[in-house]
Amino acid sequence: MARTRTLRTLVSVVAAVVALSTLGPGSTGAPPASRPTGADDSAPAGSPPHGERPAPPRPPEEPRPPLIPADFRATGRYIVRDLGVDVPFIWQGRGGDSQMTAGGPDHPIWFTNLIYRNTLYTLTYKWPNIPLDPPRPCDRVGFVNRQMLNDVLKTSRYVGPEILQGNRNRQVDHWRVGVVGGSTVPGEQFRFPIALGDVYVDQRDPSRWWQGLQFGFQNLFDPALDEWFTLSTFTHQPGLVTLPDRCPPPR
């Protein structure tokens, strides 16, 4: 959505999460644990020595945060519920560059966002109540690359494991990344939310994305300020990234 899509690209162009470390009983073929000399033979195997407290259980490890891979191809749907919009969505990456495209000339919305040679572009062709003439310009937003986005994703907060229900149920990890303006000091300080994104990624691979929801000031073309995508395919094969003719070359 023209200049308002900078943060949307952050949420829409990124990655998946590795599963929680599995906690379970030890291998049935493992030998019994050795017991310290002098231990009470009446105590169950594995019990701590008399007078000692058992060690507290170890908490499960948090999975790795989302990651944008250098090469990928993904397809799905781009959805704006309050506008009744549900259109095809393509997201591809090649050598660290990436491009997302929602809709097309025969759909109610049509836009593309790119990270091309360390430069972020956004171009909106169609959107409800936005005139087609004169055509909207392609905005060269500024210096952005894959590494910068991955650094932001490292600050994501882990929400927990979930199951996305659909034609195929997917086990995912849910992460939340936000952009907040104002003070970063805890307590009674002035701050305000700018953007919020929820990312759902494959539990076995933090670079495989399945769904994203975004809300914030970056979605000013939408009255509800929220949009989301859901993916049906995601492969780690190099995609196609093409700078539209309307966009100026990178600096």
Legend entry - Q171 atom CD, over 12 foreign heavy atoms within 6.0 Å: no
Inset, instruction - Count the heavy atoms belonging to other residues, nucleotides or ligands that lie under 6.0 Å from CZ of R117, then report whether that count exceeds 12. - result: no
Inset, instruction - Give me the ring orientation class for F229 and F89: parallel if the planes are under 30° apart, tilted from 30 to 60°, perpendicular past 60°. - result: parallel
Inset, instruction - Kindly assign one of parallel, tilted or perpendicular to the pair W127 and F221, based on the angle between their ring planes and the thresholds 30° and 60°. - result: tilted
Quick check for you: to the nearest 0.5 Å, what is the distance between [X] atom [atom1] and [Y] atom [atom2]?
| X | Y | atom1 | atom2 | answer |
| --- | --- | --- | --- | --- |
| I79 | I109 | CD1 | CD1 | 10.0 Å |
| Y200 | I163 | OH | CD1 | 13.5 Å |
| L196 | Q214 | CG | CD | 10.0 Å |
| I68 | Q147 | CD1 | CD | 9.5 Å |
| W228 | R77 | CH2 | CZ | 10.5 Å |
| Y78 | L231 | OH | CG | 11.5 Å |

Taking [Y]'s backbone N and O only, do any of them form a donor-acceptor pair with [X]'s side chain (distance below 3.5 Å, no angle check)?
| X | Y | answer |
| --- | --- | --- |
| R94 | G239 | yes |
| R73 | P238 | yes |
| K126 | L132 | no |
| T112 | M100 | yes |
| Q92 | V241 | no |
| Y116 | Q99 | no |
| R176 | V159 | no |
| R170 | S232 | yes |
| R140 | T119 | no |

Minimum heavy-atom separation for [X] to [Y], with atom names?
| X | Y | result |
| --- | --- | --- |
| G103 | V87 | N-CG2, 3.5 Å |
| A74 | F234 | CB-CD1, 3.6 Å |
| Y121 | P249 | OH-C, 3.1 Å |
| M148 | N145 | N-OD1, 2.9 Å |
| L153 | P65 | O-CB, 3.6 Å |
| C247 | L123 | SG-CD2, 4.4 Å |

Legend entry - Option passing side chain to side chain donor-acceptor pair (under 3.5 Å) with N113 (candidates D139, T124, T101, T122): T122
Legend entry - By ring-ring contact (aromatic ring centres under 6.0 Å, His included) - contacts of W110 (at least two apart): Y125
May I ask you to test the [X]-[Y] pair for a side-chain heavy-atom distance under 4.5 Å?
| X | Y | result |
| --- | --- | --- |
| P244 | C138 | no |
| P128 | L83 | yes |
| F72 | S98 | yes |
| I115 | L120 | yes |

Legend entry - R136 and I130: CA distance, side-chain angles, deciding distance, side-chain contact (heavy atoms from CB on, under 4.5 Å) verdict: CA-CA 9 Å; R136 298 188 66 85; I130 300 294; 3.6 Å; yes
Inset, instruction - Under the side-chain contact (heavy atoms from CB on, under 4.5 Å) rule, what do L114 and D97 come out as? Steps first, then yes or no, please. - result: CA-CA 8 Å; L114 303 93; D97 291 343; over 6 Å; no
Inset, instruction - Carefully, step by step, assess V179 and V152 under the rule side-chain contact (heavy atoms from CB on, under 4.5 Å). - result: CA-CA 10 Å; V179 179; V152 173; 5.8 Å; no
Legend entry - Hphob cluster co-occupancy, L243 + I90, side-chain heavy atoms under 4.5 angstrom: no
Inset, instruction - Could you list all the side chain to side chain donor-acceptor pair (under 3.5 Å) pairs where at least one residue sits in residues 234-251, not counting sequence neighbours? - result: S207-H236
Legend entry - Salt-bridge criterion met for D151 and K154 (N-O under 4.0 Å): yes
